[in-house]
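What follows is a short report on a single structure.
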Amino acid sequence: METRVVFHIDFDYFYAQCEETRSPELKSKPVCVCVFSDRGGNSGAIATANYTARKYGVKSGIPISFAKKRLEERKDAVFLPVDFDFYSEISEKAMEIMKESADIFEYVGRDEAYLDVTKRVDGNFEKGFHLAQQIKNSIRDKIKLSCSIGISPNKLISKIASDFQKPDGLTLVSPDKAEVFLEQLKIRAIPGIGKKTEARFLEMNLETIQDLKNLDIFTLNKEFGRKTGTYIYNAVRGIDNEPVKEREASIQYSKISTLKKDSKDYQFLSENIRELCKEVHDVVKKNNRMFKSIGIHFVQSDLSSKSKSRMLKSPTSSIEELQKTADILLKEALENQTTTIRRLGVKVSELSEIQGQSDITSYF
DNA sequence: ACTATTCATCGGC
DNA sequence: TTACGGCCGATGAATAGT
């Protein structure tokens with residue numbers, strides 16, 4: 001098998017950087033992009049913060065009120081509400097630029113993509129390095145955005161490499177350097193190994209990827225299951241054969257919102273479910289889709305999650321069926337519900353495309 | 001016994 | 001010290017089908 005040249009490209013502190021591009025005076029200040037909930041005040045969480053804010057311990061996922069405390073001494077700190085449409089616009093433009101440079105382009109998210117450029121650079125990593133520099137320059141010139149790029153023979157190592165130096169990083173890990181590059185890193189650098197898994201390894205006194213090489217595949221499979229165990233075994237050795245592939249557009253649509261008040265009252269929740277169904281259905285309609293699976297999701301007052309979903313007999317695009325099914329799921333879920341519910345969500349999945357119908361509303 | 005499907009939970013960004 | 005969004009996709013157990 002031929003050696004590939006694979007890029008992983010990641011925009012730096014993406015949402016906050018988007019805000020900086022439209023208001024350059026923000027660049028010198030701590031910038032926090034916030035998801036404010038419907039509860040008013042500072043209820044909500046941080047989506048992203050720029051590096052100035054990060055110096056104060058502000059990072060994505062923490063409560064807004066927590067971030068404000070940490071930035072108390074910075075009177076110039078700004079807390080902006082998220083503007084997903086704006087970020088998506090910028091993302092699309094940047095993705096177009098990257099696509100032009102790729103043999104195969106894989107969209108991962110608004111701020112992330114993989115490129116297979118093997119043919120483009122004749123399998124030559126030096127040429128790959130120059131191509132990556134050109135992409136960075138082009139995105140900076142045209143969109144005023146910085147990004148970090150990892151270059152290696154596969155998606156796994158490139159992902160780790162793009163994270164290695166940032167912001168505005170460019171890290172090349174050629175095949176002969178892969179082992180040494182990985183060995184020095186903390187276990188946490190492996191995508192998919194989060195806080196929980198890291199803690200389990202730390203208890204076994206394993207800290208670096210080098211340390212992990214001491215575990216045999218049987219132990220790993222036994223501890224983590226076959227799929228994850230094998231993945232970790234290969235990952236620490238830099239082995240990953242996942243091809244870069246064009247991605248089908250999203251495979252589910254969902255809406256979740258924080259309720260005005262915590263509740264387990266059917267009437268109140270039912271009204272909210274109805275509205276969420278409408279919003280999800282708008283997206284379904286806009287994308288000309290049918291769905292075959294419907295689910296609801298709770299976040300309870302203690303922040304733990306619960307979900308319930310059901311397969312339909314056949315795909316549909318009917319909002320009535322969506323609302324009816326979601327409501328049934330809600331009723332069933334509430335039967336033995338003891339804790340109150342803080343956030344409520346609706347999702348549809350198992351999507352399929354509606355074939356060329358000019359006026360779909362007349363069909364059921 | 002193996003594979004495919006369904007459903008609930010988890011974690012990344 | 002607490003504080004808490006809105007998405008997405010992956011994983012694996014349970015179940016159904018072959």
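No experiment lies behind these values; they were computed from the predicted model shown. So you know, we letter chains A, B, ... as the sequences are listed, proteins then strands, and number each from 1. Just so it is clear, the values below take in all heavy atoms, side chains as well, and ignore hydrogens, waters and symmetry mates.
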If you compare all heavy atoms of Pro243(A) against all heavy atoms of Arg4(A), which two are closest, and at what distance to 0.1 Å? CA-NH1, 3.7 Å
From CD of Glu112(A) over to C1' of dC8(C), roughly how many Å is that when rounded to an integer? 12 Å
What is the distance from CZ of Phe84(A) to P of dC7(C), rounded to the nearest Å? 7 Å
note: Ile62(A), atom CD1; dC4(C), atom P; distance rounded to Å ~ 12 Å
Does this structure show an ion pair linking Asp282(A) with Lys286(A), if we count only N-O contacts that are shorter than 4.0 Å? no
For Tyr253(A), report the nucleic acid contact type (base, sugar-phosphate, nothing); a contact means any heavy atom under 4.0 Å. sugar-phosphate
Base, backbone or nothing for each nucleotide of nucleotides 9-18 of chain C, written B, S, -, heavy atoms under 4.0 angstrom, 5' to 3'? B-SS------
Rounding to an integer number of Å, can you tell me how far Leu259(A) CG sits from dG6(C) C1'? 14 Å
Under 4.0 Å between any heavy atoms, over every strand shown, what does Asp111(A) touch: base, sugar-phosphate, or nothing? Just pick one. sugar-phosphate
Select base, sugar-phosphate, or nothing to describe what Ser43(A) touches, counting heavy atoms under 4.0 Å on all strands. sugar-phosphate
I'd like the 5' and 3' limits of the part of DNA chain B contacted by chain A, with heavy-atom contacts below 4.0 Å. dT6(B) to dC13(B)
Establish, with yes or no, whether the OP1 or OP2 oxygen of dC4(C) is under 4.0 angstrom from a side-chain nitrogen or oxygen of Ser65(A). no
Spacing of Phe79(A) atom CZ relative to dA3(C) atom C1', expressed in whole Å: 14 Å
Looking at Phe79(A), is Lys68(A) sitting on its ring face, NZ or CZ under 6.0 Å from the six-membered ring centre and within 45 degrees of the normal? yes
Salt-bridged, Glu242(A) to Lys159(A), with N to O below 4.0 Å? no
Parallel, tilted or perpendicular: which fits the ring planes of Phe84(A) and Tyr15(A), with parallel below 30° and perpendicular above 60°? perpendicular
So, is Arg110(A) near the phosphate of dC7(C), with a side-chain N or O under 4.0 Å from OP1 or OP2? no
Nearest to the side chain of Ser254(A), which nucleotide is it out of dG5(C), dC7(C), dA3(C)? dC7(C)
With sequence neighbours left out, what residues match Ser91(A) under side chain to side chain contact (heavy atoms under 4.5 Å, CB included)? Phe14(A), Met95(A), Arg110(A)
For Gly295(A), report the nucleic acid contact type (base, sugar-phosphate, nothing); a contact means any heavy atom under 4.0 Å. nothing
Starting from C1' on dG5(C), measure out to CD1 on Ile256(A) and report it in whole angstrom. 8 Å
Only counting residues at least two apart or in another chain, list the ones meeting ring-ring contact (aromatic ring centres under 6.0 Å, His included) with Phe164(A). Phe181(A)
Going by chain and number, the hydrophobic cluster around Leu303(A) (ILVMFWY, side chain to side chain under 4.5 Å) further includes Ile256(A), Val299(A)
Mind checking what makes side chain to side chain contact (heavy atoms under 4.5 Å, CB included) contact with Tyr233(A), not counting sequence neighbours? Ile217(A), Leu220(A), Arg237(A)
Gly44(A) near the nucleic acid: base, sugar-phosphate alone, or nothing, with a heavy-atom cut-off under 4.0 Å? sugar-phosphate
Heavy-atom nearest nucleotide on DNA chain B for Lys308(A) versus Asp10(A): which residue maps closer to 5'? Lys308(A)
Can the positive tip of Arg289(A) be found less than 6.0 Å from the middle of the six-membered ring of Tyr253(A), inside 45° of the ring normal? no
Answer with base, sugar-phosphate or nothing: what part of the nucleic acid does Lys68(A) contact at a heavy-atom distance below 4.0 Å? nothing
Thr258(A) side-chain N/O to dC4(C) phosphate OP1/OP2 under 4.0 Å: no
Between P of dG6(C) and CD1 of Ile46(A), the distance in whole Å: 13 Å
Would you kindly give the CZ-to-C1' distance between Arg343(A) and dC4(C), to the nearest whole Å? 8 Å
